[in-house]
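Sequential numbering from 1 along the given sequence is applied to the chain's residues.
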Amino acid sequence: MRRRDFILLLGTSAIWATQSRAQQPLRTIALIGNSPAAFGPWQAALVERLGQLGWIAGRTLQVEYRWSEGRRERVVEIAAELISKRVDLISTYGGAAVVVKQATASIPIVFVPAVDPVAAGLIVDFAHPGSNVTGISVQQAEIGKKRVELLRQIVPGLRTLAILFDANYPPSLREADNVEAATGQFGITLLRRGIRVAADLEPAFDAFKSQADAVYLADAGLVDGNRPRVASLVLDTKLPTTASISETARAGALMSYGPNYPDLFRRAAEVIDKILRGASPGDIPVEQPTRFYLVINLKSAKAIGLTVPNELLLLADEVVE
């Protein structure tokens with residue numbers, strides 16, 4: 001091949017590659033979270049992972065962010081808007097995913113995370129989700145007892161445990177039932193307190209101050225979406241508090257035991273990648289975390305006047321000092 005023809009071929013190939021990239025359709029996904037403070041860092045991990053998989057925000061991918069503020073009626077509004085915009089995929093947490101699924105049977109939905117998605121009606125089973133929904137599950141029922149056991153090791157003489165859950169979210173109610181079964185085995189009285197709106201948080205903690213020895217925060221959108229306010233109430237009441245989310249322990253709760261949430265969102269990005277490349281959500285098995293992280297806030301323990309056993313500190317994945 002003559003040099004001139006070779007250069008022409010290279011130039012033509014470069015133009016073709018550029019045109020191919022330009023012709024690649026821009027895909028649009030929507031990420032629904034409770035609030036920027038609660039979900040922003042996790043969603044950033046998701047978008048970063050999508051970028052590593054070839055979906056570059058602003059180039060091959062458009063990301064629409066929406067915030068529910070933990071309100072079901074707000075999710076209804078967001079779902080209607082996104083459906084009208086014909087987004088290619090919607091990713092959101094379990095409680096919102098239930099609402100979105102009721103609104104559309106055609107747009108793929110990836111939940112992250114969802115508590116007991118089968119009971120919530122999101123999927124048929126974990127191996128074969130069916131319909132237009134799949135995602136990442138967190139089975140709090142299995143780790144609720146472990147969280148109570150860990151709390152007992154730090155709080156001597158624990159007799160009354162208060163549990164704060166979202167009364168609007170059935171999986172949160174089931175978690176309260178499972179924790180009640182666990183506390184019964186340990187001879188601990190469980191004080192159940194369901195909330196329906198963010199304004200219920202302050203009255204709940206006011207009641208806990210005089211009635212409970214410690215607090216268990218159930219995994220719920222209304223609780224997680226108001227994490228800064230919850231952390232402030234925890235610090236004000238000085239009640240030993242256990243949560244599932246590491247950020248809650250870092251913000252002031254005594255401890256947390258649960259999955260690594262940024263990792264869950266990175267795994268969700270891989271599920272989204274498969275769907276954007278043509279896979280059917282109903283054929284993608286729902287994943288569950290197998291590794292759980294213990295975070296102990298030693299600063300909070302000292303402020304409350306508790307001594308954390310050395311053996312527990314050695315087990316902790318992170319100690320906040």
Considering only Ile, Leu, Val, Met, Phe, Trp and Tyr, and joining two whenever side-chain heavy atoms are under 4.5 Å apart, list the other residues clustered with Ile56. none

Among all residues two or more places apart in sequence or in another chain, which pass the side chain to side chain donor-acceptor pair (under 3.5 Å) test with Arg229? none

Spatial distance of atom CD1 (Ile296) from atom CD (Glu321) [nearest 0.5 Å]: 11.0 Å

Do Tyr257 and Val320 belong to the same hydrophobic cluster, where Ile, Leu, Val, Met, Phe, Trp and Tyr are linked whenever their side-chain heavy atoms lie under 4.5 Å apart, directly or via other members? no

Within a strict 4.5 Å, meaning less than it, do heavy atoms of the Leu264 and Pro289 side chains meet? yes

Check for a donor-acceptor pair, side chain of Thr237 on one end and backbone N or O of Phe205 on the other, with a separation under 3.5 Å. no

Pair Glu64 + Arg66: basic N to acidic O under 4.0 Å: yes

Would you mind checking if Arg267 and Glu287 are paired as a salt bridge, meaning a charged N to carboxylate O distance below 4.0 Å? yes

Within the structure provided, determine whether Trp67 and Phe39 are in side-chain contact (heavy-atom separation under 4.5 Å). yes

Would you say Arg159 and Ile188 make side-chain contact, with heavy atoms under 4.5 Å? no

Under a 4.5 Å cut-off applied to non-hydrogen side-chain atoms, are Thr92 and Leu31 in contact? no

Linked, directly or transitively: Val197 and Tyr93 (ILVMFWY side chains, under 4.5 Å): no

If two hydrophobic side chains count as joined below 4.5 Å and joins carry through other members, does Val124 share a cluster with Val115? no

Does some side-chain heavy atom of Pro203 sit less than 4.5 Å from a side-chain heavy atom of Arg193? yes

With no hydrogens and no angle check, is any side-chain donor or acceptor of Asn297 less than 3.5 Å from a backbone partner on Ala249? yes

Inspect the contact between Glu77 and Arg74 and indicate whether a charged nitrogen and a carboxylate oxygen are less than 4.0 angstrom apart. yes

Heavy atoms only: give me the nearest Ala45-Pro262 pair and the separation to one decimal. CB-O, 4.0 Å

Passes side-chain contact (heavy atoms from CB on, under 4.5 Å), Val215 versus Val234? Steps please. CA-CA 9 Å; Val215 178; Val234 167; over 6 Å; no

Quick check against the 3.5 Å criterion: does Thr134 have a side-chain atom that pairs as donor or acceptor with the backbone of Val110? no

Is it true that Asp88 and Arg27 have a side-chain N and a carboxylate O under 4.0 angstrom from each other? yes

Using a 6.0 Å distance limit plus a 45 degree cone around the ring axis, check whether Arg291 lies over the aromatic ring of Tyr293. yes

Heavy-atom pair of closest approach, residues Asn260 and Arg266: OD1-NH2, 4.3 Å

Would you check if the side chain of Asn34 reaches a backbone N or O of Gly70 as a donor-acceptor pair within less than 3.5 Å? yes

Given side chains that start at C-beta, do those of Leu201 and Leu164 come closer than 4.5 Å, heavy atoms only? yes

Can Val295 be reached from Val223 by stepping across I, L, V, M, F, W or Y side chains whose heavy atoms are under 4.5 Å apart? no

Once rounded to the nearest 0.5 Å, what's the spacing between atom CZ of Phe292 and atom OG of Ser244? 10.5 Å

Taking NZ, NE, NH1 and NH2 as the nitrogens, is one of them in Arg49 or Glu270 under 4.0 Å from a carboxylate oxygen of the other? yes

Can you see which heavy atom on Ile284 is nearest to which on Ala279, and at what distance? CD1-CB, 4.0 Å

Check for a donor-acceptor pair, side chain of Asp200 on one end and backbone N or O of Arg196 on the other, with a separation under 3.5 Å. yes

Note: Leu254 and Ala301 closest approach over all heavy atoms is CD1-CB, 3.7 Å

Any Lys/Arg nitrogen of Asp177 or Arg192 sitting under 4.0 Å from an Asp/Glu carboxylate oxygen of the other? yes

What closest approach, in Å, do Ile275 and Pro281 show between heavy atoms, and which atom pair accounts for it? CD1-CG, 4.0 Å

Apply side-chain contact (heavy atoms from CB on, under 4.5 Å) to residues Ile272 and Leu50 and explain how you reach the verdict. CA-CA 8 Å; Ile272 291 171; Leu50 281 174; 4.0 Å; yes

List the atom of Pro117, the atom of Phe111, and the distance in Å for their closest heavy-atom pair. CB-CZ, 3.8 Å

Could you please spell out the steps behind the side-chain contact (heavy atoms from CB on, under 4.5 Å) verdict for Thr183 and Thr189? CA-CA 7 Å; Thr183 53; Thr189 299; over 6 Å; no

Can a donor-acceptor pair be found, under 3.5 Å and without considering hydrogens, that links the side chain of Asn132 to the backbone of Gly282? no

Given side chains that start at C-beta, do those of Val99 and Arg72 come closer than 4.5 Å, heavy atoms only? yes

Just jot down the side chain to side chain donor-acceptor pair (under 3.5 Å) partners of Asp283, sequence neighbours excluded, or say none. none

Side-chain donor or acceptor of Thr241 paired with backbone N/O of Ala253 under 3.5 Å: no

Would you compute the distance between atom CZ of Arg86 and atom OG1 of Thr104 and round it to the nearest 0.5 angstrom? 11.5 Å

Begin from the C-alpha positions of Val155 and Leu306 and carry the test side-chain contact (heavy atoms from CB on, under 4.5 Å) through to its verdict. CA-CA 7 Å; Val155 183; Leu306 294 173; 4.1 Å; yes

Same cluster or not: Phe208 versus Leu235, using hydrophobic residues (I, L, V, M, F, W, Y) connected whenever any side-chain heavy atoms lie under 4.5 Å apart? no

When you measure from the side chain of Lys101 to the backbone N and O of Leu122, does any donor-acceptor pair fall under 3.5 Å? yes

How about Val63 and Leu61: do any of their side-chain heavy atoms sit closer than 4.5 Å? yes

So, taking the atom named CG in Leu89 and the one named OG1 in Thr28, what distance separates them when rounded to the nearest 0.5 Å? 10.5 Å

Mind checking the CD-CZ spacing from Gln288 to Phe126? Nearest 0.5 Å is all I need. 4.5 Å

Take the angle between the ring planes of Trp42 and Tyr261 and call it parallel below 30°, perpendicular above 60°, tilted in between. parallel

Give a yes or no on whether the backbone of Pro259 and the side-chain of Asp263 come within a donor-acceptor separation of less than 3.5 Å. no

To the nearest 0.5 Å, what is the distance between CG (Leu217) and OG1 (Thr242)? 7.5 Å

Face-on cation placement of Arg147 at Tyr216 ring, 6.0 Å and 45° thresholds: yes

Judged by atom type as modelled, is there a donor-acceptor pair below 3.5 Å linking the side chain of Asp213 to the main-chain atoms of Thr160? yes

